[in-house]
Number of protein chains: 2
Amino acid sequence: MGKRVLLYGALLAAGTLLLQWLDYQRLVRSHIGDLYIFLIAGGFLALGVWLGVRGIARPAPRAFDGNPQAVAALGLSPRELEVLDELLAGRSNQEIADKLGVSLNTVKTHVARLLEKLRAKRRGDAVARARELGIVK
Amino acid sequence: MGKRVLLYGALLAAGTLLLQWLDYQRLVRSHIGDLYIFLIAGGFLALGVWLGVRGIARPAPRAFDGNPQAVAALGLSPRELEVLDELLAGRSNQEIADKLGVSLNTVKTHVARLLEKLRAKRRGDAVARARELGIVK
DNA sequence: GCGGCAATCCCCCGAAAGGATGATTTGCGT
DNA sequence: ACGCAAATCATCCTTTCGGGGGATTGCCGC
């Protein structure tokens, strides 16, 4: 997969150079122009990464897990299941917040509800319970 | 959350407009310049999205199994393994202390060493790591 | 007998987690 | 239109964790 990154980057670079050459006189006349381009590229790259991480990558992973019956019985919401997955991975509240694109407080709320519904006192408890109940593999 | 996307976009747009204004004479002289910028922005945006999706959505490749003795490789002591089992069960340090008949401080020491050896920052991390490494089922 | 190591315990202190509540927004069903 | 549940963010407060130290005991190997 690393190859495709490089390929993509190479194509982009090639296109950029081509356009730059075509428009050479106007655009490379000053360094300010270059800086401008650089900022645009960097800004949109960052925006893209951000969007990709939270906008695109989020809905996908929540396909399914083992036991819909147990989930329904416990009344776990979809969002709570996402948080549960993160707990399974041993992540901190802050990390979960960043990954899901919500605030720390929101994560704490979700976790608190998970603890209630799973009748667990700690997040580690919740993980153990979830495994027992077959909610996760 | 949609608000933050808009906010981000708005800030970026504002910055862009500012720079464009500052560099007005040079860059807005022709439409070709605009097209150039647009392509750069779009290209890097796409690249960013792609990278973001790839970077996050990939599931960690399971290394090796080895419930046999990857333990030896990590240098885990017998007592540490006992504590690890308790961590698996989602118990608190105090509960572990009571169960193993040692003081809270001792448990904390064992847990701290486990975190080091498993290269984990949190106990939940340690649990996830232990599973990856096949130390436990 | 000395060095190393596992196991035990202690203290301090900042960071993370958890409990209790309240509030707002949005979508959904009647 | 109204009520409800889910999701979001918040504040205050307590408990638990985790990271620095440091220290003692007992065992094993050389």
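The basis for the numbers below is simple: all heavy atoms, side chains too, and nothing from hydrogens, waters or symmetry mates. Chain letters run A, B, ... following the sequence lines, proteins first, then strands; residues in each count from 1.
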(Q) Between P on dC13(D) and NZ on K108(A), what's the gap in Å once rounded to a whole number? (A) 14 Å
Q. Could you give the CG-to-P distance, from L114(B) to dC17(D), as a whole number of Å?
A. 14 Å
Q. OP1, OP2 of dT8(D) versus side-chain N and O of R79(A): anything below 4.0 Å?
A. yes
**Q.** Interatomic distance where CG belongs to L81(A) and C1' belongs to dA7(D) [whole Å]
**A.** 14 Å
Q.
Does T106(A) reach a base, just sugar-phosphate, or nothing at all? Heavy atoms under 4.0 Å.
A. base
Q: May I ask you to verify if any side-chain N or O of N93(B) is less than 4.0 angstrom from the OP1 or OP2 atom of dT16(D)?
A: no
Q. So, for L76(A) and L81(A), which heavy atoms are closest and what is the spacing to 0.1 Å?
A. CD1-CD2, 4.0 Å
**Q.** Nucleotide dA6(C), atom C1' - distance to CG of N105(B) in whole Å
**A.** 17 Å
Q) Looking for any heavy atom pair under 4.0 Å, which part of the strands does S103(B) touch: base, sugar-phosphate only, or nothing? A) sugar-phosphate
Q) Which residue, R113(B), K117(B), H110(B), forms the side chain to side chain donor-acceptor pair (under 3.5 Å) with E80(B)? A) K117(B)
Q) Is there a donor on the side chain of S77(B) or the base of dC5(C) sitting less than 3.5 Å from an acceptor on the other? A) no
Q) Rounded to whole angstroms, how far apart are NZ on K121(A) and C1' on dG19(C)? A) 14 Å
Q | H110(B) side chain near dT8(C) phosphate (N/O to OP1/OP2, under 4.0 Å) | A | yes
Q. To the nearest angstrom, how far is R113(A) atom CZ from dA17(C) atom C1'?
A. 18 Å
Q | Of L104(B) and P78(B), the one whose closest DNA chain C nucleotide lies more 5' | A | P78(B)
Q) Which heavy atom in L88(B) sits nearest to a heavy atom in A128(A), and how many Å separate them? A) O-CB, 4.0 Å
(Q) Rounding to an integer number of Å, can you tell me how far K117(A) NZ sits from dA5(D) C1'? (A) 10 Å
Q: Please name the pair of heavy atoms, one in L115(B) and one in K121(B), separated by the smallest distance, quoted to 0.1 Å.
A: CD1-O, 4.2 Å
Q) Rounded to whole angstroms, how far apart are CZ on R91(A) and C1' on dA17(C)? A) 18 Å
Q) Are the side chains of I96(A) and L87(A) in touch, meaning some heavy atoms are under 4.5 Å apart? A) yes
Q. For dG18(C), does OP1 or OP2 lie under 4.0 Å from any side-chain N or O of R123(A)?
A. yes
